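In what follows, a single structure is set out as structure tokens and then discussed.
Below, chains carry the letters A, B, ... as their sequence lines are ordered, and counting in each starts from 1. Computed from a prediction, not measured in an experiment: that's the story for all the values here.
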Amino acid sequence: MSCNSPEQALREAIREACRTALGIDPEQVPLTYPPSTAMGDLASPVCFELARVARKPPRAIAEEIAGAFHPGEHFRKLEVAGGGYLNAFLKRNVFLSRWLTDGRESDAPVPGKIIVEHTNINPNKAAHIGHLRNAVLGDTLVLYLRQLGHQVEVQNYIDDTGVQVADLVVGFGRIRGMEPADVRERYSDERLKAEGLRFDYLCWDLYAEVTRWYEEDRSRLEERAATLSAMEEGNNPVADLAAFVAHRMVKHHLCTMHRLGIVYDVLPKESDILALKFWEDAFGLLKETQAIHKLEGGKNDGCWVMDLHGAEEGSGEDQKVIVRSNGTVTYVGKDIAYQMWKFGLLHRDFHYRRLDWSPSEALYPLWSSCADRGDGGHPDFGKGHTVYNVIDTRQSYLQRVVAQGLESLGHRSEASRSIHFAYEMVALTPGAVQALLPERELSEEELAKSYLEMSGRKGLGVKADDLLDTLMSRATAEVRSRNRDMDNAQVADTARRIAVGALRYYMLRFSRNRVVAFDLDAALAFEGETGPYLQYSVVRSRNILRKVADRFGAEQVEAGRLAEQADLNVLAEDALSEHWNLAIMLSRVPAVLRQAVDSLELALAAKHAYLLAQAFNSFYHRYPVVQEEDEQVRTVRTAIIRLYHDGMIHLLGLMGIEVPERM
RNA sequence: GCGCCUGUAGCUCAGUGGAUUAGAGCGCCGGCCUCCGAAGCCGGGUGCCGGAGGUUCGAGUCCUCCCAGGCGCGCCA
């Protein structure tokens with residue numbers, strides 16, 4: 001909203017009244033919303049804070065401020081309520097007409113690029129619903145940030161040289177007995193497609209097999225170590241196979257996420273961080289600034305470690321090994337280097353290449369890092385002003401280490417703008433596991449737990465594409481039964497939007513630090529607090545607009561005309577408050593988005609959208625529009641419907657939810 | 001042992017910096033389609049807000065302690 005927004009105007013007017021009435025200039029004027037619009041449209045609890053300074057009861061201060069208040073162009077009046085709240089009432093028609101014409105503009109551009117890193121699935125298995133939560137949260141954050149005027153770069157980090165990929169290579173070689181060339185030939189895209197198989201699903205099973213294979217004989221772990229070092233060495237068949245496997249898997253992940261509308265700008269690969277020696281650069285800087293130091297003696301003899309601030313000695317999280325005694329760098333060390341690169345604090349950069357999606361269809365242009373011979377014409381990646389790392393809360397400790405690394409290097413502001421977007425995992429209840437994976441037997445210990453975390457190693461999880469497929473088929477059946485005249489293409493498109501809407505809303509509706517105990521029935525539901533409920537309400541609003549346009553003329557639903565003609569005062573008092581309530585709820589969307597981003601509680605916006613849909617549905621049943629005979633009443637109702645329709649399409653769009661034409 | 005998170009209705013969850021009788025969804029029971037699409041609406045709730053103290057005129061909300069559960073704390077990633 002512009003600086004001329006009601007919120008801004010109210011802050012100023014209250015501040016002015018404070019000066020006049022009390023001779024006090026409050027540092028800030030907090031704003032909130034009254035419980036109902038009957039009590040006011042905006043409120044300020046500022047008098048509670050002033051009470052301490054002025055040594056008077058809040059209520060008395062409120063009376064004085066209200067007496068000195070000048071309503072200006074936005075407000076009708078300011079009332080004192082409760083123990084000392086100031087409740088302001090907007091000039092409704094003025095506000096309605098403004099909101100109809102400029103309600104959904106993006107905020108003005110904010111300088112400084114924001115980098116959001118999300119998804120980051122280990123490229124050795126199909127994506128599961130835990131990855132889905134990460135990607136949906138990350139992608140939605142990106143959409144909200146862009147709405148708030150930020151330039152955002154989306155990174156999806158590919159750990160293509162880790163043990164998880166190595167385990168797969170071991171599995172192909174030792175369990176399947178295949179040579180690298182066999183793997184490429186046997187699992188070519190063409191051949192798998194012809195057989196109706198999927199590489200990511202095959203690897204899902206193989207990975208679990210490898211884990212069991214290790215457990216049968218722990219000495220087999222030497223195979224992993226050997227594979228890993230061959231991978232690090234490079235330029236050998238094992239390393240090539242690892243790269244092949246990782247690349248195939250990444251393509252699958254990209255396709256899976258694309259089904260949900262989730263896209264990326266660049267894929268930085270760990271293999272390139274190694275090849276381009278990012279770590280060597282970071283290591284030098286860390287030594288130079290004494291952010292890390294080498295230990296002589298003790299349990300970490302010969303290691304380079306970082307001491308953690310604010311942790312008591314011996315508490316367990318007081319010291320982190322960054323470089324092992326054998327000279328190799330740990331995962332978190334590489335992560336520090338990567339984080340430094342994101343802020344442009346390293347002396348090095350990747351080369352970039354257009355990602356080869358073939359023979360999959362290239363769904364959108366995408367860049368991948370590479371170690372040499374890059375393509376020209378790529379954007380200037382990295383060098384972010386602020387970085388959000390979307391990673392589940394189990395990595396909080398390591399994320400603290402990364403941020404402290406920056407701080408110790410003297411980059412305090414970068415450290416403070418290095419934000420761990422932490423969220424809890426998606427887990428399965430023992431009952432859900434038995435229902436979804438009946439072939440899997442659970443131990444006594446597992447059955448006793450309230451939930452089981454998903455585990456690629458154990459092959460325990462719900463694959464993202466399976467869930468989407470189930471949603472799609474359910475949505476298709478519903479759409480067909482309700483719309484006999486729809487052609488197949490339209491049914492498919494509608495079902496896709498519904499399936500995606502259901503899934504994305506389900507992933508967004510929980511607050512971030514709550515473990516989502518995956519409930520298949522709830523995830524598949526189209527009724528109640530679900531994405532399709534929201535979509536359906538918008539489809540209904542669209543039908544009304546269409547009918548009004550058909551019957552009374554297209555200009556009757558045009559926002560500019562409605563802004564001029566709609567007059568809330570033609571409504572009776574009780575009806576008016578319900579109409580007004582919908583308008584005011586829509587007007588709060590920008591503030592809700594701001595709050596959602598500031599708190600990283602993206603569910604706030606999802607919840608707001610749901611409350612809006614509820615209010616709309618109730619409105620819909622109570623107030624006819626097309627059949628309303630009084631033209632003025634019809635016009636103001638049409639204005640409210642227009643506002644709802646446009647506002648919700650926009651808001652749902654920010655959650656990655658598209659509204660179908662019909663459903 | 002230390003750190004972080006979570007305990008609110010049968011189940012799943014909201015509840016911002018103190019505003020009436022603590023709210024939704026699911027489930028259950030009852031209504032509502034000659035009327036803009038019933039994926040909807042309306043009605044039906046006796047909740048030790050985990051427990052105990054404390055601050056306050058006032059606490060689900062703030063502070064302390066305790067209990068229960070989850071997750072971290074590796075020269076794994």
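- Distances shorter than 4.0 Å separate none of the side-chain N or O atoms of A:R324 from OP1 or OP2 on B:G74.
- The side chain of A:Y620 lies closest to B:A38 when the candidates are B:G25, B:A38, B:A77.
- At a threshold of 4.0 angstrom between heavy atoms, the contacts of A:A43 include nucleobase atoms, whether or not backbone atoms are also involved.
- Atom C1' of B:A19 sits at a distance of 34 Å from the matching atom of B:G30, rounded to the whole Å.
- The shortest distance between side-chain heavy atoms of A:V659 and A:V539 falls below 4.5 Å.
- Checking B:G74 for Watson-Crick or G-U wobble geometry (two distances, each under 3.5 Å) identifies no partner in any strand.
- Partner assigned to B:G23 is B:C13, using Watson-Crick or G-U wobble distances below 3.5 angstrom.
- Base-pair partner of B:C65: B:G51 (Watson-Crick or G-U wobble, both distances under 3.5 Å).
- Using a 4.0 Å heavy-atom cutoff across all strands shown, A:Y451 reaches sugar-phosphate atoms only and no base atom.
- A:Y536 does not qualify as a stacking partner of the B:G40 base, lacking a centre-to-centre distance under 5.5 Å together with planes within 30°.
- Note: CD (A:E453) to C1' (B:G70) measures 10 Å, nearest angstrom.
- Minimum interatomic distance between A:P34 and A:G40 (heavy atoms only, all atoms of both residues): CG-O, 3.3 Å.
- Nucleic acid contact for A:V515: sugar-phosphate only, since backbone atoms but no base atoms lie under 4.0 Å from a heavy atom of the residue.
- Among the atoms of the strands shown, none is found under 4.0 Å from any heavy atom of A:V332.
- Nucleic acid contact for A:N124: none, since no nucleic acid atom lies under 4.0 Å from a heavy atom of the residue.
- Regarding A:Y610, its OH atom lies at a distance of 12 Å from the C1' atom of B:C41, rounded to whole Å.
- Using N1 to N3 plus N6-O4 or O6-N4 for Watson-Crick, or N1-O2 and O6-N3 for G-U wobble, each under 3.5 Å, B:G45 pairs with nothing.
- Residue contacts shown for A:I641 are absent, as no nucleic acid heavy atom lies under 4.0 Å away.
- Within the nucleic acid shown, A:P45 has no heavy atom closer than 4.0 Å to any nucleic acid atom.
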Check: residues 420-432 of chain A side-chain donor-acceptor pairs under 3.5 Å, at least two apart:
residue	atom	partner	partner atom	Å
A:H420	NE2	A:I391	O	2.8
A:Y423	OH	A:N134	ND2	2.9
A:T429	OG1	A:A432	N	3.0

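- Looking at A:L308, A:V305, A:N300 one by one, the single match for side-chain contact (heavy atoms from CB on, under 4.5 Å) with A:K320 turns out to be A:L308.
- Among the heavy atoms of the strands lying under 4.0 Å from A:R482 is at least one base atom, whether or not backbone atoms are also near.
- In this structure, A:R514 atom CZ and B:G69 atom P are separated by 18 Å, rounded to whole Å.
- A gap of 16 Å separates the C1' atoms of B:A68 and B:C49, to the nearest Å.
- Checked against B:C75, B:A39, B:G69, the side chain of A:V321 finds its nearest nucleotide in B:C75.
- Residue contacts for A:M39: at a heavy-atom cut-off of 4.0 Å it reaches a base atom on one of the strands shown.
- Distances shorter than 4.0 Å separate some side-chain N or O of A:Q614 from OP1 or OP2 on B:G25.
- Taking the six-membered ring for Trp and thresholds of 30 and 60 degrees, A:F283 and A:W304 have ring planes more than 60 degrees apart, a perpendicular arrangement.
- Across the protein-nucleic acid pair, A:N326 atom CG and B:C75 atom P stand 12 Å apart, rounded to whole Å.
- When the P atom is compared between B:G25 and B:C35, the two are found 27 Å apart, to the nearest whole Å.
- Using a 4.0 Å heavy-atom distance criterion, A:Y623 is classed as a base contact.
- In this structure, CE of A:M306 is placed 14 Å from P of B:C75, rounded to the nearest angstrom.
- Using a 4.0 Å heavy-atom criterion, one finds that A:S325 contacts the bases of the nucleic acid, with or without backbone contacts as well.
- Across all strands shown, A:V516 has no heavy atoms under 4.0 Å from either base or sugar-phosphate atoms.
- A:R662 comes within contact range of at least one nucleobase, with a heavy-atom separation under 4.0 Å.
- Considering only side-chain atoms of A:P532, the nucleotide from B:A19, B:A39, B:G37 that sits closest is B:A39.
- Using a 4.0 Å heavy-atom criterion, one finds that A:I498 contacts the bases of the nucleic acid, with or without backbone contacts as well.
- Rounded to a whole angstrom, the distance from the C1' atom of B:C48 to that of B:U55 is 23 Å.
- Remark: the separation of the C1' atoms in B:G60 and B:U21 is 16 Å, to the nearest Å.
- Looking at A:Y533, its side chain has no donor and acceptor atom pair within 3.5 Å of the base of B:A39.
- Side-chain atoms of A:N617 stay outside donor-acceptor range of the base of B:G40, with no qualifying N/O pair under 3.5 Å.
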Checking A:R133 against A:D392 for the salt bridge (charged side-chain N to carboxylate O under 4.0 Å, His left out) test, could you report, in this order, the C-alpha distance in whole Å, the side-chain angles of both residues, the deciding distance, and whether it holds? CA-CA 9 Å; A:R133 187 178 194 187; A:D392 83 62; over 6 Å; no
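- Applying the 90° cutoff around 0 to the glycosidic angle, B:C33 is assigned syn.
- Judged by Watson-Crick or G-U wobble contacts below 3.5 Å, the nucleotide B:G40 has B:C32 as its partner.
- A:N124 is not listed as a side-chain neighbour of A:V245, based on a closest heavy-atom distance of 4.5 Å or more.
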